[in-house]
Structures are given as C-alpha cells and as structure tokens.
Amino acid sequence: MKRQMVGQSVMGMLILGCLAGSAGPVQAQEAFQKAIRVASPSVVSIVSVARGLFTQERQVLVGSGVVLADDGYVVTCASTLGESPRPTVMLGDGSMIPARVVSTDAKADLAMLRVKRDGLHPIAVSAGKLPGVGQWVVIIGNPFGLARTRTDPLSASVGVVSAVRPVHAQGFGYTDPVILTDVTLNPGSSGGAVVDLEGRLLGISSCVLTSKSTNTELSFAVPVSAAMKLLEEARLAETRKTEPVPTPPKMPEGGYLGAYILDESTGTKGGYIQKVVPDSPADKAGLAEGDLVTAVNGTRISSGRELVQQLDRLGVGSRVEFTVLRNKTELKISTTLTAAPRPVLK
Amino acid sequence: MKLAKGFLTVLLAAKVLLAGAIVGVRVLAEETALEGVFAAAVKRAGPSVVSITVEWNPGKKFVPPAPGRPGFERGTGPVAGVIISPDGLIVTSDFNVNADAKRVMVKLGDSREFEAKLLGRDVSRGLQLLQIDAKGLPVPPFAEDSRIRVGRWALVCGVGETPADPSLSVGIVSATDRLQGRAIQIDASTNPSNYGGPLVDIEGRVMGIVTPLTPAGTGGGVMLSDSGVGFAVPVSDVLEHLAKLKAGETIRSAFLGIRFDTRTMSGGAKVVEVLKDTGAAAAGIRPGDLIVEFNGEPIQTSFKLLHAIGRCRVDDVVKFTVVRDGKRIERTATMGARPESTP
Amino acid sequence: MSGRFHSISWPGSLILVGVLCSVAAVFCAAPARSEDATGVLAQALKDEAGRVELIERLSKTVIAIFPAAPEEDKTPAGPQGGGSGVIIDAQGYALTNYHVVREAAKVNVGLSDGKVYSAAVWGRDPTGDVAIIKIEGGPFTFAQPGDSDKLELGQWVLAMGNPFGLATDFKPTVTQGIVSGLHRYLPGTIGGDLIYTDCIQIDAPINPGNSGGPLFDAGGRLVGVNGRVTARNSRGKVNSGVGFAVPINQIKEFLPELLTGKRVHHAVLGVELSEGQEDVTIKQVLSGTAAEKAGLQPGDVVRRFQGLEIRSEMELINRIGILPAGKRVRIAVERAEREYEIEVALGERPTGTEPAVVKPETPASPPEKPVETPPAPEPLSPDAVARRFVEATGGYEEHDAVKDIISIGRTQMLMLGRVWVGGRVTQYEIGPAKLRQETVYVHRGNSVKQITTFNGKTGWIYTDGDIRDMTEEEASGVKGELEAFEQLTTRGAWSSGKAESSGTEILEGQTLVVVTTKDKEGDERRWSFDPKTWLLVRYVRKSPGNHEVLDDRISDYRRVGKMLLPFQFVRYVGSVRVQTTRLESVEINRGVKEEILGDKPPASIGPKVY
C-alpha cells in the first residue's frame, strides 16, 4: 500500500510539474484576472448632484476615481465634477463619504480630492517610465454607473497601448504625451484606473474627448506622473492650511466674450452679433452689432446656436479668432476671453 | 511513519506552491511576452507605413451625407497609407484621400516628404492608389491568404503626427470573405486614424488594408468606427487589381440592378424591384421573378445570389435562369458598374 | 524485512520524487524563461493556432436566425431584423433571445455549413429574454454548457453571432474580450419583459444582430447568451465596449420547461426591501404574495437565501430573478434577535406579452384622433394612468431615450408691474443645468431686454443697465414649464415622489383623471389627465420658493419626432393667471440608452440593391 502511495505521489507530482509548464492553448487569462483583483479595491466611484434643465436635483454616478494615498487622497477627472464643490465618493463597500476638492490641474483635467476615512487601499504605482506600444492595459472604472451598490463589482476592460504621444482634443490643454489605448471609454469611465498586468497604475482615464486630428473619439489616460505631481501639490496645500479656492473646471462652460448673439434657426451661415457690451473683450476687439461670425478659430459655424456652443468650449484666457462678415467684407477679429464680470447689485 | 508522512505532506505542499508560482510566473511571462510580440510585429511593418497629409479643395473637407450614411467632418491630422511597391506605389483608403484633394503629401519613415500623384481608385473596396517619385522603398512582407484565419490576432497600425509614431489597435480576425468576398472582418478598433493603414499579423506580415466599408459597399463606414466591427481588403486583392489601378482606372462593383426579398430562404432569390437602365432591366427581369440559377450555379437563397454577383466583374456577361409563372426562362445580362449614389 | 524497506525507502522516495518534480516543472516552464524572441513568437503562434482551431469547432454550433417568409409563418409577429442562436443538443434544440423570435411560430436558420434550415419556436421566456427553437434535421454539432457562477472578472470570452447581418454565408462573426462585470441588473420593459436580472457584462464587441448568440469561455463552454448593449446615442446604435449576456446558469433553471415548449414565468417574492449599512430588511410584505403566505414579516432582516449570504438588496434581486415561478426556496431571516429559516414557494411574475393578441410591428405613433376610452367605472391605478399617458405621447421606447427636453424659442406673457407684456424668449442650453436666456419685451413702446443666466441657484437680470440677482422664485420659474412633462417621461412615472392615489375631478365642466403624488418633502402634487386622450392637462404643486400653489394648464400638444409634447402653459397662482407661455420649438436630447440588439438593424446598414 505504501508503494502504491509512493507511486501515486510520483505520478501526481509529475503531472503537477507538467501542468506548471502549460497554460492551455488559448491565451492565459489569469494575468488579467489578477490585475483586476489587485487594482479594483483602489478604484472608487464619484457621485455628484445633477440637475437636468427641468428636473429636480438627483444623485448621479458621474465618474470614477483612484485612491492614491492612505491618508485620503483620491484623484479623478476635474471636468466630471462639474460645478459641485463637494462631490461624494462611493467606496467598494457601498459607503458614500463626502470629499473636498483640494487642488486641480486644469490642463491635465485632474482633480485631487481628500476624504476622511481609514482603511483605504491606495493603488500601487508603476515605476514612472511610460508604457510601450502593444503593452496590455487593464482599465477599471464605472462606465454608465453600472456598479451601483456595495456588492456590484466595478467594470473592467482590457486592451493595449495604442500610442504614447501628445493629443489635440477640444477642451484639453495638456501638452505632454498621454497614453492612448484601443479601449473605448464611456461616460462614467473617466477618472478610472489604467493599470498594467501587475495592477500598477499607469494613468488616469480621461473624459470622452474628440480628437481634432480625426474628429472621432479619443481614448487615453493621463500618465500617472501628472497625478503624482498633483498629489504633491495637494499635500503642500494642506500643510500650509490654506484652502485654495479650487480652480473650477474649464469645460464646457465658457470664458466671457461680452456679446449678445442672435439665435437664428436655419438659413444663416453664421451667428449674428446683436449687441456688444461696452468694455468687454468683444468691444475691445472691435466686434460690432450686425457682424456675422462665420467661423471660430477656423471652424465653420452655421447658426447662432453653434457660435454659442463653440464659445462655451473655450475657457478663460483662450484666444479666439473670429472670421466675420461685415458689409460683404470678410474680416478676422481676434480677442482673448476673460472671466465673466460679477453682477452689480442694486 | 508519522514523521515521514508529515514530510511528504510538506513536500507536496511545497511542490503545489512552486507549481502555482511557476504557473503564475509563466502566465505573466507569457502575457508580457505577447506584448513584446505585438511591439515586434508593429516594428516589422513600421517602415512601410507612410503618413499622408491632405489639403482639400474648398468645401471638400466635409464629407456630405449620402443615402445610408451621415455626414462627417474630416479631422486635420495625417492619415495612413502603405507602400505596396518599391518604386513608389502607395495604397490608402479613398475615404481619407481622393480626387477632391488639392494636394497630397506623403511622409516616409525616414522623414523624406514627397508630393503624391493620384492614380486609380477602387470604389468597391474603398482604396486609392498614389504614386510618389521615389525608388527602393521598403515593401512590407505579405501574409498568404491561407494564413488569414478567424481567431488570429489582428493588429491595425495607424499614424500619429509623425510616421515614426504609429498607433496600434489589437483584436482578432472575426470573419473572412465578408461583404460578398471583398473583406476581412476584424474586431480591433478602426477609425479615421488607421483607415488606409495595414492589418498585420503577429509575424509582422500585412494581411490587408483597413478601409471603412459597409455591407452596402460605399466607403462611408465611419459610423462603424470603434464599434468592434471593422474591415480590411485582403492584400492579395489589392495586388490583383494593381495593374488596373496603376493605369489610373476606377474599379467599381459589378452591378445587376435588382433588389431582393431577403426573407425568402428557399426556392430561389425573389426579385422585388428592377432598377431602370441596368443590366437586369435590359435582360427583361421583372419583379416577382425567382432567380434559380446564375452562371451555372443553383441559387436557393438571395444570399447565394449576393455572393455569386460578388464574384463578377463589370462588363461580365452572365447567364441565369428565372422562374416566372411556373415557367423557366433563360436570360443573359451584362453586369454594369455600381453607381456611387446607390447605398 | 518490510520494516527495514520502509525505513529506507521513504526518504529515498521523497528525494526521488522531489527531483523528478523539479525536473518536470523546469522542463515545462523553460520556454517562459527564455529570452529568445523567436521562441516567444513560436509560442504565441502556437497559442494562436489553438484559438483558431477552437473557434472552428465552436462555429459549427452557431446559427443565424432570420424571420420566416410571410407565406411560411402565419403569425406575423416576428421581428423585422434577425439575430443569432446556439445549438445545445444534437436533435437541433437551440437557444436564442426571446426578442429575436418574439411570437413567431417559425423561423429560418442558417448554419455555418451554408445551408438554410427551418425551425419552430419551441419555448419562450419573455421575462428572462430567452427562447428555445427546434431546427428540423440533424444530428447537429452542439455546444457544451459551462458554469456561469464560476466566472471571474478578467476571464477571456468569445462572442459569436451575426452583427449587422454580415454573415451572408452564415459563418459567424467572432469577437473576443473579457468578462467586464458580473451580477449586473438591467431593468426591462414596463410590461416586465427582457429584464436582465443577473447578467454578465463583457467588452467583446457585440452589435445589433448578435442577439441570441453564444458567449463562450476559454475552454469553449457556453457561459451566456448575448442580448444587450449600452449604446450612446451620440454614436448611433453601435457598440461602445459595454455588452451584456444572460448567464447560462439562469437558462439552466428554465431549460426543462422550455424544452417542453412552454412559456415560462419567473419567480417573484412579493416584498419591498430597504437597505441599511450592513444588511437588508423587509420593508413591506405585499398582500396575496408568496412572501405573505410563507409568513415573512416587515422588519425581518434577510440573512441568507438558499444558504448564500445576502449583503445587499441587489444580491437578493439577482438571486430571485433567475428562478422559475413556483420554486421552493429557503430564506433565513432574523426577527427579534432570533434566526428563522422559512421555506417559500415563490410566486409568478406576470409577463408583458399577450400571445393571443398579435400586433404587427409598427413604429410607435401617437393616435391621430383621440382614442375613445369611456371613463373607467373604477379608478385606474396610478401606474395604469401613467402607462396610458406614456403610450399616448410616444411610447416607452421614445420616452426612455429622452434625457432633456429643451424649448428653443417661446413667447411669454408676463406681469410686469401690473401690466401684461408679451415678449419673445430665446434660450440656449449650455451644458447640463446651465441656461442662458434672452427675452425682449415691448413695454409702452420701449423694448426691455432681460438676460438671465440660470445655473440652478443664481442668476442675473440685466435690464438696460440694471443688473440684479434673480429671486429664487424667478430662478425656479425659468425651468417651470416642461418640468412636469420631463418628470413623467425621463425618469419614470412618478420621479417626483410616490403615487398615492387616483381619482377624478371636474375642471370647467370636464371630468379628468387625477393622480396625487407626494414628493420628498411630503408636499402633494396633482397630475390631471384627459380620459379621452390621456394627455396631461393640469399640474398642481407648491412653488419651492415661497410655497404658493402653482396651477399649470397644459395644452396644444404637437408632434415632435415620435412624441407628442405640449406647447402651451397657462399658469395660475391661486385663481390669478400670472403667466402664459407658448413654446415655438422644442428639441429633445437623448441620453444613454440600453439597447436591445437584434431588433431592426440600423436601416443604413444592410444590402439594398445589387
């Protein structure tokens, strides 16, 4: 009997040994599963108060975020926070904790939040070198707010790094290289974690943006170095005990021009200026009543509404070049948008 | 005995752990190795990917809507193309480059820039051939048709701001012989940044050229961009038509001029409509006819007829049999060219 | 001798075994440690070839489903488009989605051998969106079921089917991806159909036409049936990386009944739950339900279901939703600090389909003439009223797609001082909850311009040099008119609160059906509908600012796209008319929408003329 046992053990061990060497004819998926298991505890959802045009306030899952440090720092996309200065963070256990915006990087569209909570799981961060084209990425977030309660897992997706280069997208001012991937992003994914096969953070998922190069949607992540830099700034701000007024996100609300634009439904080939506010950027640049704006920064527009939409994408400090038709002559008028003036109370 | 047994147990446990660790390491190593394979494949195909910048004639930058597809505003960035012969022939997608362009500049991997001349266009496959004045260019290795199998890795290379800066999308080959035999279907992300670029396998061999086709045939498939449904024309097809394209010809799909009822799945292909001034009209086909034989092939369903027509060329003379009021009638028709406006 | 043999052989065997084992492991693991690029490529090619072979085998079990020709199928209630399916038995039984076959009796099926077969629709599960068909002929290659409970996030999956009808040779389209999420809940239609109560989320791209097709795991086992995507309307109906499949374990629960050709029902417990920090409590036990019969009580804390721990309301919904009606289950509850295990025979959830009444597919269109419905002798339930209203104004599909309704231009009559003035209002929506509005009033021959920017709380009124802050009432007034309509349409029937009761009222000689709701603050709102047309004609509630009672009379319904929307609002405060607004044009913003694949592939894609 003992001989049998030995025989069986030998067989068993040989089999084990061989199993150790083969992972099956199809691609091994354990790496993806492991990366998701390792990184998911560090990804959170961001809840904001949303107000439709004609509806009451309601809580909406607007995006995702990543826990960077166990003393409560969570990074997310600044633009998904909207105007809400006090977003709520939903953790994996379903609990909702209020968060403060400590600092923002408007160019990279990142915001650093701080929550008061023990037992957070900060994410492991990759060494700092940017990933190479063809490298696997695992993206963890909450697209469409599908994970709603404490027992719902966050969503995960797998793809590769498409390219590492700067992007030109409407409403995005970051000029350093970003990590482009071939995974489609959706509303709610922004602020989520993009990790490597070891579950280490490579970057933060961006908002869904349109590329100026292709006019189709871009899918990329802001490199982790930008998030870590923001973390340092946030720590500094906290120790100084000054509560800096968080820079409000710049998109899609626009900078101030100072011109009343007439809304025409169809037929016009641009937006008419109906009135110019004295001493406004429009006034100083020489826009006048009756001007027909036919293009904004080279992009043709065909209605007053479109003109407003184009302007709303530009933030304070943006330079704008209007192509204007005045008395059958085409002019180019440039100006810089400023901050909106505060109303004077009477 | 107890000690020995305990020892055995410990050793067994250690072996299981070691096996697990080895599986883990091997799995991670395997996945990481695959990344290296992707990168190597892109690198191998890289030198033959070119970056094309197009200056459009006024008003042509916007692709107007057509029946079956919405309008689309082109972006400003460069688009992709592939060197197909060492003496300066470059193939790209006709969505990104076509005769509406004022000026077409091609930038090679070694940063040399050339102005391109437009040669022929294959409307049926969404391809545009260009010629630049250069010799000794690197042509990529091609994959044999037999190597294009469903389930193989499908790597799509696009361009960024510089050609030395390719972008990659990864998926698998979803199907072959799609769109009546015209295209390889893939689930990798395809969009204007990689239309015209190569579809590459993990050995770095070009399987096809990515173009925004739709089942209807026109190149307006941009609404399918990044949807997991993408198409590429097999490189063997491109080479087959190269002589005609080099001679400046426009290749169109063979077109008979009939609309089928796709719900009939037995007994033949049921004709619902016959378009005016087409080969079918000239041959006297009428709505209600059932096409039961085409070029010697028995036809039971409209799908079969679709594929049979797909194998034809413009100006082919075809013989077919219709059943009308119970009688078999034989007819001959000349295949026309598919008009561009027909969706 | 045996003793000595034993005492020597054990350590010896151990060493021998240890050596053999290490050698085996090292030998098999060697390629992974090799730095040799060609070795790595060779392994990758080998793995790839394995996948190609697996797909070839599995493709034989995948079918493309087409509606039967009108002469073949006398029940014209099948879908316009097509879908996919997977054969699960050698005799030709195949799985698909209910919404692919609906109430058709027969369908046509294309197999990867290129041939067309006829199939009868056998069993239906409208609630779970599953159906079984039987293909004539055989024997067929069939798929092996897997275990969807064992799935983990990150696991590799293959989806096969016929998106966009591309498989004209019936060879399926194959896409790959991973399991992106598990135990997802997607609400179904209002009738209670097509509820994806515990589904698998995948990032393998699936598109219209993939419905009913198989989801396989790495071992080639069937783990789900693909059926829905979340599509963004800005991108059209195409996939954006989020798709859903019905898990095979749910299907297994119904398979025996489906195979006998039945229409099955899902289980329902009959309780309302409330979720606390750590646990789930029964808030209410509905009368006449399985829960009541079994003796469950409000206040019971649900601890376990069929032995599995329940940590959230969603978990209980997931678990009950996949079971067939009548199933006996064990629920462990905590009551007054004691634990009880209660056996419940689960009840039956009604389906929304009426097989006896077969309607051909028509696009939702509002009636041209008012539908003649005599006032019901008993008051209708609030939800029944809501249903009639939604159907009269465009139908559930249209309403579900709406995110915002914006009025683009309108004229407004306003009290300015004590004088009525008329003005033309131009309004721009700029991002969520931000509105810029410009109104030009003519007052005593002078034009008074009013610019308001509304961002939810503050606003400015600029009147030719004067700028002042809006009052809260003015701020809330700006959004007023379509609020009621939007509440009823975009977020379900009574998003402003719970429906309390319904009854009738008489307004200016007309009898109206009234539903009262209570909002979060406990304030009552009243919604009045014309029983001849089921349109909303009156909406009464307290103004949030100063608690005045606002009474809006809503009229002049016009068609906008496929919806009927109101264009005139007359507002009374008490009995005093304070404002009349007439909209000039209205735009409907559509948002994220759950897509059901397989119904009518996009019109732009698909062969037309050859």
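What you see is a predicted model, and the numbers here were worked out from it, not measured in a lab. Every chain is numbered from 1 and lettered A, B, ... according to where its sequence line falls, protein lines coming before strand lines.
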Side chain, backbone, both or neither: which part of C:Ala167 has an atom under 4.5 Å from a heavy atom of chain B? both
Max heavy-atom pairs within cutoff under 4.5 Å with chain B, candidates C:Gly114, C:Pro172, C:Gly177, C:Pro163, goes to C:Pro172
What part of B:Arg178 gets within 4.5 angstrom of chain C, counting heavy atoms only: side chain, backbone, both, or neither? side chain
For a quick test of reading the model, state the closest non-hydrogen atom pair linking C:Val52 to B:Gly151 and the distance between them. CG2-C, 3.9 Å
Nearest heavy-atom approach of B:Arg152 to C:Glu48 is NE-OE1, 2.7 Å
For the candidates B:Gly228, B:Ala40, B:Ser302, which exhibits the highest count of non-hydrogen atom pairs separated by less than 4.5 Å from chain C? B:Gly228
Rounded distance (nearest 0.5 Å) linking atom CD of B:Gln180 with atom OG1 of C:Thr168: 7.0 Å
Do any N or O atoms from the side chain of C:Asn207 and from the backbone of B:Val229 form a donor-acceptor pair under 3.5 angstrom? no
Nearest heavy-atom contact between C:Asp169 and B:Thr176 is OD2-O, 4.4 Å
Heavy-atom distances under 4.5 Å only: say whether B:Val37 touches chain C with side chain, backbone, both or neither. side chain
Considering residues at least two apart in sequence or located in another chain, which fulfil the side chain to side chain donor-acceptor pair (under 3.5 Å) criterion with B:Arg149? C:Glu56
So, the side chain of B:Asp187 versus the backbone of C:Pro205: is there a donor-acceptor pair under 3.5 Å, distance only? no
For C:Val116, which atoms come within 4.5 Å of any heavy atom of chain B: side chain, backbone, both, or neither? side chain
Name the orientation class of the two ring planes belonging to C:Phe170 and B:Phe303 (parallel below 30°, tilted from 30 to 60°, perpendicular beyond 60°). perpendicular
Which residue pairs satisfy the salt bridge (charged side-chain N to carboxylate O under 4.0 Å, His left out) criterion with at least one member in residues 107-120 of chain C, sequence neighbours excluded? C:Asp113-C:Lys115
Quick one: pull up CG in B:Leu34 and CG in C:Leu41 and give me the separation to the nearest 0.5 Å. 10.0 Å
Evaluation steps, side-chain contact (heavy atoms from CB on, under 4.5 Å), between B:Phe231 and C:Leu166: CA-CA 11 Å; B:Phe231 299 104; C:Leu166 288 164; 3.7 Å; yes
Distance in Å, B:Ile172 CD1 paired with C:Ile55 CD1, rounded so as to fall on 0.5 Å steps: 4.5 Å
